[in-house]
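Okay, structure first, notes after.
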Protein chains: 2
Amino acid sequence: MSINMSEKNEIIKALIPLEEKHKTNLTVDCVIFGYDQGDLKVLTIECDMDPFLGMYSLIGDFVKETETTNQAAKRILKFCTGNDDIFLEEVQSFSEINRHPYGRVITIAYYSLVQIGKTKMTDNAGKHLQWTSVNNIKEMAFDHKQILDLCLFSLRRSLRDSPIGFELLPKKFSLKQLQTLYEVVLDIELDKRNFRRKLRTMDILIDVDELQQEVSHRPAKLYKFNVKYYESKKYNGFKFDL
Amino acid sequence: MSINMSEKNEIIKALIPLEEKHKTNLTVDCVIFGYDQGDLKVLTIECDMDPFLGMYSLIGDFVKETETTNQAAKRILKFCTGNDDIFLEEVQSFSEINRHPYGRVITIAYYSLVQIGKTKMTDNAGKHLQWTSVNNIKEMAFDHKQILDLCLFSLRRSLRDSPIGFELLPKKFSLKQLQTLYEVVLDIELDKRNFRRKLRTMDILIDVDELQQEVSHRPAKLYKFNVKYYESKKYNGFKFDL
DNA sequence: GCAAAAGTGTTTTACTTACACCCATGT
DNA sequence: ACATGGGTGTAAGTAAAACACTTTTGC
């Protein structure tokens, strides 16, 4: 006696207890942003799934029974970049019925910010990871372009009202680097003197008393973000705002 | 031949195809805010599940195979309030392993804003729905207090930078009503004249040329929110900000 | 000494805050 | 006429925007 696939599925469904009936496939997808030489990048892989073969895809995985969605996202980040302790923020779920060719898959989108220099890219599992300029991505597999766009929107919003830009820069950076980051990601122009004054009055940078190396012009002073000071101030009515 | 429950579960698990292995129970939970006489309220039911019996609970349900999470939330809202077309916003997922006594259940939290006067409370399915003052809720079933707190945080943020306060008021309202709403929800004091000037310069209210009825003092003028005008302006660099 | 980017203050303008009295209605 | 909340403008202070030249380094 043999049964076909859809008969088998029917039998399985009948066996599954009531409280299992509503179960759904749940994944997380990570928009991993990096910043390099005036260019906002996102970590992509080539999609190996049928109607989207070869297209850019985000990095995601199923949420396991023993982990939270946050832990799933952190696991993916660790896998892709080699780092724990990465800035991570949940953005939104995506649950259109036919968003995935395999069947119903609901995903929760996260974005994270990494310093490209600190990531050891593990070209693992045969999948080729690469940093792709956000501006060069016109389409992606599944609904991943939509996910990317929303995460970018969310990043832009957060960039203005919390000090997360530093997550994309090396620990020590020049004021010019910081300003360019803001200009590139937000797609705006900033006045050098006003930008610097604002940072000065916010008082969240530490002058590390070092200079840029190997530039063919006057080297800039380097600073680092004063995390502790900011953390202590932010619960005392202080508002980051750039 | 008879088999016990855990044996049965093992058999079922073995039958389930690979891509089903990661399936999880997914629900949505709705924080339905209403505003009444200077008091922010939330729609609650009594929990009928064991360790939380009798405690306040949010309203939620499983996400069905044929609906998006948004549609699930809208279905719940329709069921509870009788209305479609309700302001609805996804906030965050909650996925702690043991957040639910039945087993692994991941939920996506939504908050929505309704005009209490417009809701026909359907005390359906034997569950008693009631409006409870947010300030009176010290604990809730499951992790629902945490969900409520986060939704309230999210509401407060949105209240300042988008014109959603109107969703909680009747179509026609006085400036005082609007100001009190802001004061109550944000827990701040506002200056009457400055508040009014700000609204005047934003130019998003229409004077409906009616007066308050049945008050034992000088009746206030009534206004309505100029949705169309706001929608046309917001893509032209205009920024709501209160 | 010249190219290239770093660094630095002042003035104007717009926005925010603080504040007190008269007005319209019901009783 | 009085109690109650509705309605209005101005002045001072603070934050944002606009703007140009000097300094340091490598070549």
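Chain naming here is simple, since letters A, B, ... match the order of the sequence lines and numbering starts at 1 in each.
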Please produce a list of atom pairs where a protein N or O lies less than 3.5 Å from an N or O of nucleotides 23-27 of chain D.
{"unit_1": "dT23(D)", "atom_1": "O2", "unit_2": "Arg218(A)", "atom_2": "NH1", "d": "2.8"}

Salt-bridge contact [X]-[Y] (side-chain N to carboxylate O under 4.0 Å):
X: Asp61(B); Y: Arg75(B); answer: yes
X: Asp191(A); Y: Lys198(A); answer: no
X: Lys221(A); Y: Glu210(A); answer: no

First of Arg197(A) and Leu222(A) reached from the 5' end of DNA chain C, by closest nucleotide: Leu222(A)
Measure the distance from [atom1] on [X] to [atom2] on [N] and round it to the nearest whole Å.
X: Asn194(A); N: dA20(D); atom1: CG; atom2: C1'; result: 13 Å
X: Arg196(A); N: dA16(D); atom1: CZ; atom2: C1'; result: 18 Å
X: Gln212(B); N: dG6(D); atom1: CD; atom2: C1'; result: 9 Å
X: Phe195(A); N: dA6(C); atom1: CZ; atom2: C1'; result: 14 Å

Which nucleotide in dG7(C), dG7(D), dT16(C) has an atom nearest any side-chain atom of Lys198(B): dT16(C)
Can you confirm whether the side chains of [X] and [Y] place a donor and an acceptor under 3.5 Å from each other?
X: Ser93(B); Y: Glu90(A); answer: yes
X: Thr107(B); Y: Thr27(B); answer: yes
X: Thr119(A); Y: Thr81(A); answer: no

Any residue of residues 170-193 of chain B with a heavy atom less than 4.0 Å from an atom of DNA chain D: Lys176(B), Lys192(B), Arg193(B)
